[in-house]
S.K.: 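Dropping a structure here in structure tokens format, bear with me for questions.
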Amino acid sequence: KKEKFYSTMEELSEYFEEIFQKLFDGGSAHLELSREGDIESGLLIKANPPGKELIVLDSLSGGEKTLTAIAFIFALQEMNPAPVYVMDEIDAALDQRRSTKVADLLDEYSSDAQLILISHNEETAKHAEQVFGVTMDNGQSEVLSIKLN
Amino acid sequence: KKEKFYSTMEELSEYFEEIFQKLFDGGSAHLELSREGDIESGLLIKANPPGKELIVLDSLSGGEKTLTAIAFIFALQEMNPAPVYVMDEIDAALDQRRSTKVADLLDEYSSDAQLILISHNEETAKHAEQVFGVTMDNGQSEVLSIKLN
Amino acid sequence: SILNNLILRGFKSFNKKTTIPFQKQGMTAIIGENGSGKSNIVDGLTFVMGQRSSKLRANKLSQLIYNGGEDGTPADRARVTVTLDNTDDRFSGIVSEVLENGENPDEITIGRKVTQNSSAYKFMGKNCKRSVIDDVLDEANMDPSRHHIVNQGKVTEIINMSSTNRREIIDRLA
Amino acid sequence: SILNNLILRGFKSFNKKTTIPFQKQGMTAIIGENGSGKSNIVDGLTFVMGQRSSKLRANKLSQLIYNGGEDGTPADRARVTVTLDNTDDRFSGIVSEVLENGENPDEITIGRKVTQNSSAYKFMGKNCKRSVIDDVLDEANMDPSRHHIVNQGKVTEIINMSSTNRREIIDRLA
Ligand SMILES: Nc1ncnc2c1ncn2[C@@H]1O[C@H](COP(=O)(O)OP(=O)(O)OP(=O)(O)O)[C@@H](O)[C@H]1O
Ligand SMILES: Nc1ncnc2c1ncn2[C@@H]1O[C@H](COP(=O)(O)OP(=O)(O)OP(=O)(O)O)[C@@H](O)[C@H]1O
Ligand SMILES: [Mg+2]
Ligand SMILES: [Mg+2]
């Protein structure tokens with residue numbers, strides 16, 4: 001089923017680039033096999049932020065790696081949507097502007113799915129339809145419903 | 001030199017608890033050998049935030065692990081001070097209040113050493129004597145001196 | 001929306017019965033200070049979905065039971081329940097197969113409970129096999145091993161994994 | 001204070017010669033957006049201190065040379081220089097040993113340069129052995145393998161490492 005593999009990889013690669021370009025305001029990205037024609041070889045990620053030269057993935061910055069990973073994760077979701085998404089502090093390495101870009105991306109999925117986001121970023125919480133605050137008192141956690149405006 | 005090992009471990013453990021308690025506003029922490037009396041065994045970290053029961057290190061939260069690690073790192077510095085410290089986004093997992101606690105701790109070392117901190121947190125930058133802003137334009141980085149008030 | 005409520009009792013830092021209503025479609029944000037219990041909520045959800053203790057930051061299941069805090073009493077069991085919407089009858093096949101009582105509820109519940117010596121899965125409040133939970137999650141198109149749950153610190157895992165493991169993701173998709 | 005300036009030229013995203021003055025005692029903050037070049041500055045410092053390419057997010061040293069960006073010209077070499085204070089004569093022993101010219105400067109420089117085919121260390125602008133750099137860092141009480149440099153994402157490394165490796169830290173201290 002070599003054809004099935006290639007058509008799946010192509011489709012995933014297109015979603016990946018589309019979301020990558022949304023998060024980076026440009027640039028390019030795609031997926032490819034580490035050995036051409038060999039569907040038993042590895043899957044490589046090629047990610048090129050705008051204005052830069054393609055470089056080994058490891059040389060990307062912490063925030064750039066996070067955005068690239070988020071683009072890949074949501075490309076997978078496009079291929080096989082889940083009804084619930086849970087993201088625990090995925091914006092830890094992101095500056096304010098990129099954090100907001102990710103929150104905007106997640107908004108696009110929120111009409112068809114439930115998104116549960118944990119974040120220390122107040123801006124992200126403002127994007128949410130409902131907010132829960134968790135507090136710790138004497139070793140016990142409590143959850144309160146919170147109204148943010 | 002079993003005595004030397006024990007006295008070193010004891011001293012490190014005391015610095016570790018002292019800094020831990022500063023960062024956590026309480027609690028307790030210490031270091032111990034995984035097999036008592038065997039200085040070839042492993043070194044365990046016991047960390048207990050205030051109000052909580054001692055638990056395996058892995059069960060601590062992301063921010064609690066970061067604070068515990070920072071306490072350990074600076075306990076090492078107390079044992080063998082370096083003239084320059086470089087910390088690249090060590091506050092990524094910390095909420096605003098813990099971030100400020102860490103910046104206050106770093107202040108204590110800044111009279112005897114040079115501290116170079118990379119952070120996305122503006123509060124941290126306000127603690128600094130000098131601030132450099134890095135920008136990227138068409139694939140090239142530039143550094144500017146910045147005045148923050 | 002499919003996920004109605006998450007109910008934690010005696011699970012990690014949630015000693016008292018805590019019900020978190022996720023009903024709304026759209027985005028739910030969970031905020032709070034370091035160590036307050038946010039990630040423990042995620043652990044509660046994946047615990048019911050069948051996650052092993054090592055993926056829940058514990059060495060064994062009994063460590064998931066509320067440990068009493070500094071000077072309190074430990075709980076004797078950890079219980080987590082997830083309620084899922086069934087107004088579209090999507091789970092009705094599983095309900096009739098497992099319950100055999102002609103009921104067709106608007107909401108189904110799956111749960112998991114751990115004590116110092118035992119561990120059990122629950123369906124509609126009754127003990128059930130792990131396979132029933134797997135069937136429910138399959139019907140819901142949810143699966144703890146898939147990429148729709150990103151644990152703290154794990155977002156770049158997809159970048160750091162070997163290219164072979166990453167290629168296997170395509171194999172599973174195809 | 002001991003660290004005066006860090007000078008980057010053709011190193012990673014720093015094409016043009018960039019001088020960062022760290023002279024002040026106390027805290028220096030470096031801010032900027034994702035991907036702007038902040039961690040590359042840290043890499044420049046540890047590069048001079050002898051760090052290997054894998055610890056600099058590169059597969060080989062030549063990847064540290066400014067690659068031209070999207071439509072620019074790559075640099076032909078990467079050069080980083082660190083200037084250290086010598087007004088207390090702490091490095092004067094090494095200076096007289098290496099230079100043999102009776103000079104006693106207020107400031108010494110160590111550097112490292114990489115081209116597509118070569119790699120060299122520099123002391124006071126002249127090629128030198130790696131051991132000279134090691135001696136200077138030893139005199140300064142600085143060492144890339146010690147814990148006074150915490151790279152991005154690595155702060156909890158001390159928690160995640162094996163208890164044996166952690167015990168070896170005590171061995172080295174004692
Ligand atoms: N079995 C247990 N009984 C009581 N408390 C527990 C138990 N297991 C874990 N905890 C506590 O839960 C806390 C961690 O909670 P959690 O990881 O949810 O925090 P968090 O809100 O995600 O914080 P952060 O923002 O730092 O990630 C730890 O302090 C730990 O002591
Ligand atoms: N040899 C090179 N030539 C040109 N650019 C390079 C080279 N090596 C790395 N870069 C670029 O440097 C950028 C990463 O810079 P750096 O890691 O310093 O960012 P950062 O400011 O620390 O960002 P973050 O806040 O996300 O951690 C990458 O976009 C990468 O393309
Ligand atoms: Mg957490
Ligand atoms: Mg960085």
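Chain A is the first sequence line, chain B the second, and so forth, proteins listed ahead of strands; every chain is numbered from 1.
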S.K.: Any side-chain to backbone donor/acceptor pair from D:Arg166 onto B:Gly42? Under 3.5 Å, distance only.
M.R.: no
S.K.: Can you tell me which portion of B:Ala103 sits under 4.5 Å from chain D's heavy atoms? Options are side chain, backbone, both or neither.
M.R.: backbone
S.K.: Taking D:Thr164, D:Val155, D:Ile31 one by one, which has the highest count of heavy-atom pairs under 4.5 Å against chain B?
M.R.: D:Ile31
S.K.: Pick one of side chain, backbone, both or neither for B:Leu106, based on which atoms fall under 4.5 Å of a heavy atom in chain D.
M.R.: both
S.K.: Under a 4.5 Å heavy-atom cut-off, does chain D meet the side chain of B:Ala82, its backbone, both or neither?
M.R.: both
S.K.: Does the side chain of D:Glu103 pick up a donor-acceptor pair with the side chain of D:Asn101 at under 3.5 Å?
M.R.: yes
S.K.: If I measure from the heavy atoms of chain B, does D:Asn141 come under 4.5 Å with its side chain, its backbone, both, or neither?
M.R.: both
S.K.: Under a 4.5 Å heavy-atom cut-off, does chain D meet the side chain of B:Ser7, its backbone, both or neither?
M.R.: neither
S.K.: Is the number of heavy atoms from other residues, nucleotides or ligands within 6.0 Å of CD (B:Glu142) greater than 12?
M.R.: no
S.K.: Let me know if D:Ile169 has heavy atoms under 4.5 Å from chain B in its side chain, its backbone, both or neither.
M.R.: side chain
S.K.: Can you tell which of D:Glu70, D:Lys16, D:Lys154 has the highest number of heavy-atom pairs within less than 4.5 Å of chain B?
M.R.: D:Lys16
S.K.: Where on B:Ile45 is there a heavy atom nearer than 4.5 Å to chain D: the side chain, the backbone, both, or neither?
M.R.: both
S.K.: Output yes when a side-chain donor or acceptor of B:Ser13 lies under 3.5 Å from a complementary backbone atom of B:Glu10, and no otherwise.
M.R.: no
S.K.: Sort by residue number and list every member of residues 58-67 of chain B having a non-hydrogen atom under 4.5 Å from chain D.
M.R.: B:Lys65, B:Thr66
S.K.: Quick one: which of D:Gln152, D:Glu33, D:Lys38 has the most heavy-atom pairs under 4.5 Å with chain B, could you say?
M.R.: D:Gln152
S.K.: Please check: side-chain N/O of D:Thr115 versus main-chain N/O of D:Asn117, any donor-acceptor pairing under 3.5 Å?
M.R.: yes
S.K.: Does a donor on one side chain and an acceptor on the other come within less than 3.5 Å for D:Thr19 and D:Asn5?
M.R.: no
S.K.: Heavy-atom distances under 4.5 Å only: say whether B:Glu129 touches chain D with side chain, backbone, both or neither.
M.R.: both
S.K.: Under a 4.5 Å cutoff for heavy-atom pairs, which residue among D:Asn67, D:Asn160, D:Ile2, D:Asn165 has the most contacts with chain B?
M.R.: D:Ile2
S.K.: For B:Gln77, is it the side chain, the backbone, both or neither that has a heavy atom under 4.5 Å from a heavy atom of chain D?
M.R.: side chain
S.K.: Check for a donor-acceptor pair, side chain of D:Asn86 on one end and backbone N or O of D:Arg90 on the other, with a separation under 3.5 Å.
M.R.: yes
S.K.: Can you tell me if CD on D:Glu168 sees more than 12 non-hydrogen neighbours from other groups inside 6.0 Å?
M.R.: yes
S.K.: Is any side-chain N of the basic residue among B:Lys101 and B:Asp104 closer than 4.0 Å to the acidic one's carboxylate O?
M.R.: no
S.K.: Can you say whether D:Thr156 sits under 4.5 Å from chain B via the side chain, the backbone, both, or neither, judging by heavy atoms?
M.R.: both
S.K.: At a 4.5 Å cut-off on heavy atoms, which part of B:Phe72 comes close to chain D: side chain, backbone, both, or neither?
M.R.: side chain
S.K.: Between B:Ile118 and chain D, which part of the residue has a heavy atom less than 4.5 Å away: side chain, backbone, both or neither?
M.R.: both
S.K.: Using a cut-off of under 4.5 Å for heavy-atom pairs, which of D:Gly32, D:Gly37, D:Ser36 has the most such pairs with chain B?
M.R.: D:Ser36
S.K.: Chain B: which of D:Gly69, D:Ala140, D:Ala174 shares the most heavy-atom pairs with it under 4.5 Å?
M.R.: D:Ala174
